[in-house]
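All values derive from a computational prediction rather than experimental measurement.
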Amino acid sequence: IAFMADGSYTMYMKDKVGDVEVFQAGAAMVIRGSVSYTDVVNFTTGVAVLTRGKGKVQDASAGSELVDEAERSGRNEFLWYGGVGYPVMEKLRVNGRLEYQNFSENDYGRDTPLYRPKSNYFGIGGGGSYAFTPNFFASTMVTLYSGKVDISDNLETDLSGLGLIFALTYRVM
């Protein structure tokens, strides 16, 4: 059994157009954790939470200074995932994955152009990995996603689609 937990805090520099400061994204904090159990079959589950602070925007009444946004324009995120891997041959594994992701709405009201609605989606996928050497392997995963964005109280937009991941990994240790 393996446990993993980490966190990060990111602050951003100011965006400029020429020499004029126009925007600075709000700080972001991410906390992640996972648990894996490995025997013949590998099971993994984990969560990630991202929260964002207010950004700074240009305000004509403040001259060239950037001021805090009236409301927080960034959205918080939550991700849960679970996966399973099974060896079908010495170097080949098949993998499956389930996931759920939620984006909160931002603090602006629905009647403003800066409003970003909440959204949710689910994913289910499968793929495989092949070990060329004990430290070097290739992986692929195809995921079918289904979800929605709440545009207004009675209007939703579909988020269904496919995701494709291809990765090459080399482990140093």
Side-chain angles (χ1 to χ4, degrees), residues 1-10 12 15 25-53 55 72-106 108 110 113-173:
I1 296 178
F3 299 93
M4 184 281 297
D6 75 9
S8 63
Y9 184 79
T10 307
Y12 300 93
D15 294 340
M29 183 171 62
V30 179
I31 299 171
R32 289 179 287 267
S34 69
V35 177
S36 296
Y37 172 77
T38 303
D39 195 7
V40 173
V41 177
N42 176 309
F43 296 97
T44 301
T45 187
V47 296
V49 177
L50 180 144
T51 184
R52 300 177 192 273
R72 185 180 47 86
S73 63
R75 301 187 301 167
N76 298 326
E77 301 174 31
F78 171 82
L79 168 68
W80 169 86
Y81 62 91
V84 62
Y86 181 79
V88 292
M89 296 182 352
E90 182 180 346
K91 294 184 174 194
L92 180 65
R93 299 180 74 82
V94 293
N95 303 306
R97 181 175 171 100
L98 289 173
E99 65 182 83
Y100 166 75
Q101 189 154 10
N102 170 273
F103 295 85
S104 69
E105 64 184 355
N106 67 6
Y108 283 91
R110 287 183 183 265
L114 296 173
Y115 174 70
R116 299 297 176 264
K118 69 179 180 177
S119 60
N120 297 285
Y121 71 80
F122 296 91
I124 184 169
S129 60
Y130 184 82
F132 298 104
T133 71
N135 293 344
F136 179 62
F137 57 96
S139 304
T140 187
M141 178 75 66
V142 176
T143 306
L144 174 62
Y145 292 103
S146 177
K148 64 179 182 171
V149 175
D150 296 331
I151 301 298
S152 65
D153 291 334
N154 51 6
L155 178 63
E156 300 171 349
T157 297
D158 185 32
L159 292 179
S160 299
L162 284 175
L164 175 63
I165 296 172
F166 178 75
L168 294 174
T169 304
Y170 181 78
R171 293 185 183 160
V172 178
M173 293 188 223

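The distance from the OG1 atom of Thr143 to the CZ atom of Phe122 is 14.5 Å, given to the nearest 0.5 Å. We find the OH-OG1 distance between Tyr37 and Thr44 to be 12.5 Å, quoted to the nearest 0.5 Å.
Contact between Glu99 and Arg97 at its shortest, heavy atoms only, is OE1-NE, 2.9 Å. Between Arg52 and Arg72, the shortest heavy-atom distance links the atoms O-CD, 2.8 Å. Contact between Pro117 and Val149 at its shortest, heavy atoms only, is CG-CG1, 3.3 Å. What you find for Tyr145 and Gly123 is that their closest heavy atoms are CD2-CA, 3.7 Å. Listed here is the closest heavy atom pair of Ala131 and Phe137: CA-CB, 3.6 Å. The nearest pair of heavy atoms linking Arg75 to Ser119 is NH1-OG, 3.9 Å.
Pairs of residues two or more places apart, or lying in two chains, never qualify as ring-ring contact (aromatic ring centres under 6.0 Å, His included) while including a residue from residues 73-97.
Side-chain contact between Ile165 and Ser139: absent, with no pair of heavy atoms (C-beta onward) separated by less than 4.5 Å. Contact of the Asn135 side chain with the Val172 side chain is not registered, since no non-hydrogen atoms from C-beta on lie closer than 4.5 Å. Between Tyr115 and Glu105, some side-chain heavy-atom pair lies under the 4.5 Å cut-off.
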Start with the C-alpha gap between Phe43 and Val35, add the side-chain angles, then the distance that decides, and say whether side-chain contact (heavy atoms from CB on, under 4.5 Å) holds.
CA-CA 8 Å; Phe43 296 97; Val35 177; over 6 Å; no

Going through the checks in order, is the side-chain contact (heavy atoms from CB on, under 4.5 Å) test met by Asn76 and Asn102?
CA-CA 8 Å; Asn76 298 326; Asn102 170 273; over 6 Å; no

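Side-chain polar atoms of Asp158 and Ser160 form a donor-acceptor pair below 3.5 angstrom.
A search for side-chain contact (heavy atoms from CB on, under 4.5 Å) contacts involving Asn95 returns Arg93, Ser129, Met141, not counting sequence neighbours. Contacts of Asp6 classified as side-chain contact (heavy atoms from CB on, under 4.5 Å), with partners at least two apart in sequence or in another chain: Met4, Arg32.
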